[in-house]
Amino acid sequence: MNYWLMKSEPDEFSIDDLKSSKHQKTAWQGIRNYQARNFLRDGVKQNDLVFFYHSSCKEPAIVGLAEISQAASIDISAFDEASAYFDAKSTLNNPKWIQVELHFMAKFEHPITLKQLKADPQLTNMVLVAKGARLSVQPVTADEFDHIMSLSR
DNA sequence: GCCAACGTTGGC
DNA sequence: GCCAACGTTGGC
């Protein structure tokens, strides 16, 4: 079992959008960064747990929990010329990008804000709080996961 | 909206 | 393969 944190701009797709999705599931498409892609492809497995993080918004925070309901598959949005995620360099014969499927588990009663995460002495090594960390898919350690879960209650 | 920190592109 | 220029992310 591995733990992850995935970012989303709530204006684009929020934890509430995930909750109200069909079967409370969504295809996590549009990751166009190689490091994040490699985590999706090589690290993320079915049943892994994911912190859902709201970025580029008034109060950046971990707002809920999701589960990986389906591991890596080809991100077909890269083939769709009409999609914002279209990438001409990704072809059917040589697909570049990966998607996974997320299943809603919980919306936290108490979101854990970035401010709170940064101030927490137990989370000083967390990828999210590192300087200049822009990764939209990032690993979370078991200790970090347990600690953050305890803060959400 | 600003801008620091990254990532990517492309000329050489 | 270097690196300048450009594009993106994301907190503030």
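Proteins come first, then strands; the chains are lettered A, B, ... in the order of their sequence lines, and each starts at number 1. Computed from a predicted structure; not experimentally measured.
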Original post:
Residues two or more places apart in sequence or in another chain: which of them pass side-chain contact (heavy atoms from CB on, under 4.5 Å) with A/Lys22?
Top reply: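 Checked A/Lys22 against side-chain contact (heavy atoms from CB on, under 4.5 Å); zero matches.
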Subject >> Residues which pass side-chain contact (heavy atoms from CB on, under 4.5 Å) with A/Gln122, listed by chain and number, not counting sequence neighbours >> reply: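 side-chain contact (heavy atoms from CB on, under 4.5 Å) list for A/Gln122, sorted by chain: A/Asp120, A/His147.
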Original post:
According to the ring-ring contact (aromatic ring centres under 6.0 Å, His included) rule, which pairs have a member within residues 85-109 of chain A, sequence neighbours left out?
Top reply: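 Qualifying pairs: A/Tyr34-A/Trp97.
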**OP:** Residues of residues 112-129 of chain A with any non-hydrogen atom less than 4.0 angstrom from an atom of DNA chain B: list those, numerically ordered, please.
**Re:**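 Output list: empty, so none.
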Original post:
Base, backbone or nothing for each nucleotide of nucleotides 2-10 of chain B, written B, S, -, heavy atoms under 4.0 angstrom, 5' to 3'?
Top reply: ---BBSSS-
Subject >> For A/Tyr53, all residues meeting ring-ring contact (aromatic ring centres under 6.0 Å, His included), sequence neighbours excluded >> reply: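 If we apply the ring-ring contact (aromatic ring centres under 6.0 Å, His included) test to A/Tyr53, skipping adjacent residues, there are no hits.
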Original post:
What pairs with A/Phe145 under ring-ring contact (aromatic ring centres under 6.0 Å, His included), at least two apart in sequence or on another chain?
Top reply: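 With neighbours one apart ignored, the set is A/Tyr3, A/Phe51.
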Subject >> A/Asp48: partners by salt bridge (charged side-chain N to carboxylate O under 4.0 Å, His left out), with sequence neighbours left out >> reply: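 In terms of salt bridge (charged side-chain N to carboxylate O under 4.0 Å, His left out), with neighbours along the sequence ignored, A/Asp48 is linked to no residue.
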Original post:
Restricting to pairs with a member in residues 61-76 of chain A, which pass side-chain hydrogen bond (donor to acceptor under 3.5 Å, both in side chains), not counting sequence neighbours?
Top reply: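 Of all non-adjacent pairs touching residues 61-76 of chain A, those that pass side-chain hydrogen bond (donor to acceptor under 3.5 Å, both in side chains) are A/Arg32-A/Asp75, A/Ser69-A/Glu101, A/Asp75-A/Ser77.
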